[in-house]
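Here's the structure we're looking at; comments come further down.
None of these values were measured; they are calculated from a predicted model.
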Amino acid sequence: RMAYLYGDSTPFPYDFDWGRVTCKSGRLYLHIMKWPGERLLVAGLKNRVLGARMLADGRAIVRCNQTHDAASDYHLLELSLPAEQPDPYVSVVALDIEGEPEVEPLPLEQPDGNVLLPARLAELRGSEGLAIDRAGVVSGWKSEEAQLCWQFRVRQGGRFQVHVQTSMEHGNPKALGNHEVCVTVAETTTRGVVGCRDAVADESGDQGNFVESSLGEIRIPAAGLHTLGLRADRIDKDAWAGLAVSGVRLTRIGELEQP
């Protein structure tokens, strides 16, 4: 029923931390599961928004403001929302847009300063048998010759913390192991160890499905398009699942020092 009403495909290459976007008949639907408060920022939509309303009450108009930074080609939509979530589970905002949906196809720095690079959007290089499984996790990464590469956009230069996400889907820390990796962006490099040593268990002892390891800092010199490369300096040969990467997350931590 939900797909019939709102469509089941998204024009964006990823979901958002607040929910997801679907489209149908030239209209976008924002499914808000984590209520952001009185303001929601959506990056990457290039269409002009003609109007917006809450579907919990079709008469509730949502005020919109769009900006476009020409230097970085960064499109930002700001929605003014009620202080309280209209629906306790999922609140839907309908956007009427001009033309068919047009969005930034590459991973994009989000308004909170995060850039999420899912493994399924990476270019796989250097090793036969390297693949992305149905869960969106790299499989077959068992040699130092392999590499993942992503293209992405940032709204301005700056300093970013690098986090590499690996899968604990097999439920066995020994399957994941610990691997020495290297991340390079714009001629800056950081190295570290990723894997089960960074797993955090909850009160029940469950370590979850994914582990996030912090590698250090990189510097991105300017706004616009950049390439990130992830390679292994040393693969843990005892880890039968190999280097099971699910993605990389960059977090903006500061501005570049002025010369």
Side-chain angles (χ1 to χ4, degrees), residues 12-15 104-110 113-154 157-170 172-199 209-253:
F12 289 91
Y14 42 74
D15 291 334
E104 171 58 55
L106 296 174
L108 181 67
E109 182 183 350
Q110 296 301 303
N114 280 299
V115 185
L116 183 60
L117 307 175
R120 60 182 175 78
L121 297 181
E123 178 185 351
L124 311 181
R125 299 180 180 177
S127 178
E128 293 185 7
L130 202 63
I132 304 295
D133 67 17
R134 289 181 294 178
V137 177
V138 175
S139 64
W141 193 343
K142 299 185 177 182
S143 77
E144 287 78 11
E145 287 73 33
Q147 184 178 12
L148 302 186
C149 291
W150 291 265
Q151 285 193 314
F152 65 98
R153 291 186 182 275
V154 295
R159 297 162 41 235
F160 290 80
Q161 186 74 25
V162 179
H163 310 270
V164 176
Q165 300 165 338
T166 46
S167 172
M168 285 277 284
E169 187 179 6
H170 297 284
N172 181 356
K174 292 183 179 179
L176 175 60
N178 294 292
H179 313 267
E180 297 174 14
V181 302
C182 170
V183 169
T184 300
V185 183
E187 300 182 356
T188 64
T189 296
T190 185
R191 287 180 161 84
V193 176
V194 303
C196 64
R197 74 170 195 171
D198 295 312
N209 292 328
F210 296 95
V211 177
E212 187 168 84
S213 304
S214 180
L215 260 64
E217 180 183 315
I218 57 167
R219 289 169 167 78
I220 298 179
L225 182 65
H226 295 277
T227 300
L228 180 146
L230 170 65
R231 62 181 177 82
D233 289 333
R234 184 191 64 83
I235 293 289
D236 186 343
K237 304 302 182 183
D238 294 328
W240 56 263
L243 179 48
V245 172
S246 61
V248 174
R249 182 171 63 90
L250 306 179
T251 301
R252 181 180 290 276
I253 56 175

CD1-OG1 distance between Ile220 and Thr188, expressed to the nearest 0.5 angstrom: 7.0 Å
In residues 144-152, what donor-acceptor pairs under 3.5 Å come from side-chain atoms, sequence neighbours left out?
from: Glu144; atom 1: OE2; to: Ile235; atom 2: N; distance (Å): 2.8
from: Glu145; atom 1: OE1; to: Ser143; atom 2: OG; distance (Å): 3.1
from: Trp150; atom 1: NE1; to: Pro118; atom 2: O; distance (Å): 2.7

Apply side chain to side chain contact (heavy atoms under 4.5 Å, CB included) to residues Ser167 and Leu176 and explain how you reach the verdict. CA-CA 7 Å; Ser167 172; Leu176 175 60; 5.7 Å; no
Indicate yes or no: at least one non-hydrogen side-chain atom of Leu250 is less than 4.5 angstrom from one of Val162. yes
Looking only at heavy atoms, the pair that brings Pro13 and Pro105 closest together is CG-O, 3.5 Å
Distance from Leu215 atom CG to Glu217 atom CD, nearest 0.5 Å? 12.5 Å
If you measure from CD1 on Ile218 to OG1 on Thr189, what distance do you get to the nearest 0.5 Å? 9.0 Å
Give the intermediate values and the outcome of side chain to side chain contact (heavy atoms under 4.5 Å, CB included) for residues Val138 and Leu243. CA-CA 7 Å; Val138 175; Leu243 179 48; over 6 Å; no
Heavy-atom nearest pair, Gly157 first then Arg252, reads O-NH1, 3.0 Å
By side chain to side chain donor-acceptor pair (under 3.5 Å), Arg249 pairs with (sequence neighbours left out) Asn114, Glu212, Thr251
Heavy-atom donor-acceptor pair, Lys142 side chain to Trp240 backbone, under 3.5 Å: yes
Please report the interatomic distance CD(Gln110) to OH(Tyr14), rounded to the nearest 0.5 Å. 4.5 Å
Side chain proximity check, Val137 to Phe210, heavy atoms < 4.5 angstrom: yes
One should read off an interatomic distance between Lys237 NZ and His179 NE2, to the nearest 0.5 angstrom, of 10.0 Å
Donor-acceptor pair, distance only, cut-off 3.5 Å: does the side chain of Arg120 make one with the backbone of Gly247? no
Are Cys196 and Asn178 packed together at the side-chain level, in the sense that at least one heavy-atom pair is separated by less than 4.5 angstrom? yes
Can you spot which of Val245, Leu117, Leu116, Val211 makes a side-chain contact (heavy atoms from CB on, under 4.5 Å) with Gln165? Leu116
Look up atom CZ in Arg125 and atom CG in Leu230, then write down how far apart they are to the nearest 0.5 Å. 12.0 Å
